[in-house]
Amino acid sequence: MTDETYDFARIQQRWLPVWDRIRPFATDDETDARPRKYVLDMFPYPSGDLHMGHAESYAYGDVLARYWRQQGFNVLHPIGWDSFGLPAENAAIKRGADPAAWTAENIEQHKRSMRQYATAFDWDRILHTSDPAYYKWNQWLFLELYKAGLAYRKPSNVNWCPKDQTVLANEQVVAGACERCGTAVVKKKLTQWYFKIADYADRLLDDLNQLEGRWPDKVLRMQRNWIGRSVGAEVEFEIEGHHSRVPVFTTRPDTLYGATFMVVAPDSDLAAELASGASPEVRMRFQAYLEDVGRMTEIDRQNAERTKTGVDLGRFAIHPLTGERLPVWTADYVLADYGHGAVMAVPAHDQRDLDFARAFDLPVKVVVDTNAAVTGVLPMIPIDDEGNAIEPEGFAPLDPKATGEALTGDGRMMNSGELDGMSKQHAISRMVQLLEAKGVGRAAKSYRLRDWLVSRQRYWGTPIPIVHTADGQEVPVPFEQLPVTLPSSAGLDLTPKGTSPLGAAEDWVNVPSPIDGSPARRDADTMDTFVDSSWYFLRFLSPNDDTQPFDKAQVERWAPVDRYVGGVEHAILHLLYARFITKVLFDLGHVPFTEPFEALLNQGMVILDGAKMSKSKGNLVTLSEELEQYGVDAVRLAMSFAGPPEDDIDWKDVSPTGAQKFLARAWRLSKESLAKPGTDPKPGDRALRRETHRFLADAPGLVEALKFNVVVARLMELTNAARKAVDGAAGAADPAVREAVETIALGLSLFAPYTAEEMWANLGFEPSIANAGWRKADRSLLVQQTVTAVVQVNGKVRDRIEVAADVAADEFERLARELPGVARSIGDREVRQAIVRAPRLVNFVVG
RNA sequence: GCCGGUGUGGCGGAAUCGGCAGACGCGGCGCACUCAAACUGCGCUUCCGCGAGGAGUGUGGGUUCGAGUCCCACCACCGGCACCA
């Protein structure tokens, strides 16, 4: 192989050791006065080697990090590993590997691959979450929440994955199945640790407005839906023979007069209490029902087609306004952990209540006349082509019990005492006033978001830093004793069996109480790994500080993250948790901001033949093989050129060969350009200079708009223009050619670091091009003397004309009118109007 | 069911403001170089039509001098949530 052929393998070998020596992406200079940017890629889970998804994500993150660096910013772009979690543990169970050793090997493999992939990471700031030096601060964080009353333990019906034998957070249950393994999730009553994320629901929702335009709309919408704020009222009902009033939440307090029964969730404490006060027969039926419900998987439960089931508890609630006796039922369509676990059933105006009423022949009372015109709103009467009103065929009868259709729309209140005649909105506010005046209710909000279940019954995670004393007290492990390190996995049975394997590590679990030294036991559960990742972006700012989780001065220097890059699969998991923890840290005075990630880029997936790649489907594209065949730069460039970064990339549509050819074309230009470094480009070919400066002017806006594919296309255009100049009149010695090739190299430095560096060297510069700095566009070169104008007749293009850029409107119109194509098209018709947009367009309106 | 998104050549995609539809590339076709090929370079490539010309951004309508872009309705596909009261 000679020096005259583009040889990616040789170029890769040449530059890696150079970069290792000059560390182009170090950020350790405290005196660096440049403005700063923090670009962060979601850190990977270290299982196996990097795959195509990583390659895509890091290619994009690098474009941004390298771009800001060229723009004169001091850019922090660190990497680490989210190294706790199930895969390491499962590998341990399957192959008898030590999770710590398995993890360390994978991290080393990742590091090698990332280095080869030429990611612009600062290698002095790496971290991994299974490092005691990291999870010490995870435990610190847990205790901060605990002290603030934001971490607590409670017994509850939790999501349980029967395969992984562990609890799951709500966010980890997807369509009723375990997010990880796809097994149908069941409910299990367990005492578990929670973080009070629901207390932050309003802030998590409202602060999304700040992120508008900088986070993808899709993610904002998903978070809003997930938090699921509903506005309505709380209404209190007496229950005969029950010690206290029972509150229910409703979004339709206006329909309170239509409530004909009450339903409580079978797995709620209230249901158990009410059943215990009922007849022996009811108690038996309730027990049987509760067991049926408990056996059901989440997938079955979520089936909306399912017919309604339930049990009459034989108890009666008292309607707070009418004093009517309403039967109390229990049914699994009411959820124990939403609102108050009980609802007032208004079958006439709620489809679920109606389905239930029809199944058990309960009364239905209409209180909103949805056929009546709404007060304060002009009724809309449809009209036919002649403008005559079309008389309605006749309204559907207001008889939901017969039709099976609940009347959920707006209308005029009826059968509702003082509310009669009002519209829905009016009636809602009036009813809230009434309830408040009578002391039996109030305006209220409810959320879909539940508290975050953070304990897990697995080995490979951060131990929860709590000790349980013999008399049942929870005692936080004192700070000086942190970290509570994991015991060695040697000798422990890690097979999932429903309780934490740590409980069997007798030497580890039995400790003296931190209070009085009496025998006590460590909490044997570990933390959800989403706790680890909820604050790691702060640890990068002072990754080796063993006195504090993060250095405040460094936080002020770098945080929050300016651009976060990662997959959309974290839209409501990691991203919600990190936002929550940031707000907690703000409230506790640890950070001066409330949102962790200023801007977010969700890259799409790399798929093959329209389907997600997977080993089992056999449609896997192996990154290392692609890199071997086409080289790092071609793969990176092909990723960036494939389409908008947020769209999925089907690898069958991608041509790394095409990318390679383009890189070779660009590289060849750097070998051919003859002008010496520093040659004044001013006398050079003007047309090529214009192309060069158009690129310099446009590329920054395109990068910032994340249109990487367009930037690459523009680089290809500039390369084609330079090729033509070399082969044409200008020739290889023209200084404009050198200027263009330098610009191509600079542009390529965002996408193809090896080739760019090689071109830079060919052009006679020292490494590293990554820090060479962007060139400023010369605006005067962008001004055109003449413009190709378009001439339309009735909006259709009929001809084109070259005109002076400053052509006067009347002159422009006259020239356009005389064009042969235009004259022919107009013929002898009269020109009624001419729209003139000098110097770009004339449109003659003829008729 | 609720919330939202997307429909542009054979394919991936481009088109700051309503103003040349299809940039750039893949694939295809052709030419030059070569004994031949590879490489490379150049040209053509939305559809119909020999051509002049006509049609064209999911479908139907509307606004406008002018619509891929704005408005209304519909169709198709995709995503999120899902008995959340």
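Every chain is numbered from 1 and lettered A, B, ... according to where its sequence line falls, protein lines coming before strand lines. Note: hydrogens, waters and symmetry copies are ignored here, and every other heavy atom, side chains too, is used.
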A.B. asks: For A:D254, what residues pass the salt bridge (charged side-chain N to carboxylate O under 4.0 Å, His left out) criterion, not counting sequence neighbours?
C.D. replies: A:R252

A.B. asks: A:K652: what forms a salt bridge (charged side-chain N to carboxylate O under 4.0 Å, His left out) with it, not counting sequence neighbours?
C.D. replies: A:D650

A.B. asks: Applying ring pair (Phe, Tyr, Trp, His ring centres under 6.0 Å), can you list everything that pairs with A:F237, at least two apart in sequence or on another chain?
C.D. replies: none

A.B. asks: Are A:F356 and A:F261, when compared by the centres of their aromatic rings, separated by less than 6.0 Å?
C.D. replies: yes

A.B. asks: List the residues meeting salt bridge (charged side-chain N to carboxylate O under 4.0 Å, His left out) with A:D633, not counting sequence neighbours, and say none if there are none.
C.D. replies: none

A.B. asks: On the nucleotide B:C26, are OP1 or OP2 found under 4.0 Å from the side-chain N or O atoms that A:T657 carries?
C.D. replies: no

A.B. asks: Looking at the base of B:C65, is there any donor atom on it, or on the side chain of A:N843, that sits under 3.5 Å from an acceptor on the other one?
C.D. replies: yes

A.B. asks: Check the interface with nucleotides 10-14 of chain B: list each N/O to N/O pair with the protein under 3.5 Å, or write none.
C.D. replies:
{"unit_1": "B:C11", "atom_1": "O2'", "unit_2": "A:D653", "atom_2": "OD1", "d": "3.3"}
{"unit_1": "B:G12", "atom_1": "O2'", "unit_2": "A:A642", "atom_2": "O", "d": "2.6"}
{"unit_1": "B:G13", "atom_1": "O3'", "unit_2": "A:N709", "atom_2": "ND2", "d": "3.3"}
{"unit_1": "B:A14", "atom_1": "OP1", "unit_2": "A:N709", "atom_2": "ND2", "d": "3.2"}

A.B. asks: Which is true for A:Q792 with a 4.0 Å heavy-atom rule: it touches a base, it touches only sugar-phosphate, or it touches nothing?
C.D. replies: base

A.B. asks: Using a heavy-atom cut-off of 4.0 Å across all strands, would you classify A:V334 as base, sugar-phosphate, or nothing?
C.D. replies: base

A.B. asks: Please enumerate all residues that pass side chain to side chain donor-acceptor pair (under 3.5 Å) together with A:N157, with sequence neighbours excluded.
C.D. replies: none

A.B. asks: Report each atom pair, protein N/O against N/O of nucleotides 53-55 of chain B, whose distance is under 3.5 angstrom.
C.D. replies:
{"unit_1": "B:G53", "atom_1": "OP1", "unit_2": "A:R824", "atom_2": "NH1", "d": "2.8"}
{"unit_1": "B:G54", "atom_1": "OP2", "unit_2": "A:R798", "atom_2": "NH1", "d": "3.3"}

A.B. asks: When we call it a touch if two heavy atoms are under 4.0 Å apart, what does A:R723 touch: a base, just sugar-phosphate, or nothing?
C.D. replies: sugar-phosphate

A.B. asks: Tell me, which stems hold RNA chain B, with a stem being 3 or more Watson-Crick or G-U pairs in a row and both distances under 3.5 Å?
C.D. replies: B:1-7 with B:75-81, B:10-12 with B:24-26, B:27-32 with B:40-45, B:46-48 with B:53-55, B:58-62 with B:70-74

A.B. asks: Can you name the residues that form a salt bridge (charged side-chain N to carboxylate O under 4.0 Å, His left out) with A:R448, not counting sequence neighbours?
C.D. replies: none

A.B. asks: In chain order, what residues pass the side chain to side chain donor-acceptor pair (under 3.5 Å) check against A:E569, with sequence neighbours excluded?
C.D. replies: none

A.B. asks: Going by the rule ring pair (Phe, Tyr, Trp, His ring centres under 6.0 Å), which residues pair with A:F708 if we only count those two or more places apart in sequence or in a different chain?
C.D. replies: A:Y60

A.B. asks: Which parts of residues 254-262 of chain A get close to RNA chain B, meaning a heavy atom less than 4.0 angstrom away?
C.D. replies: none

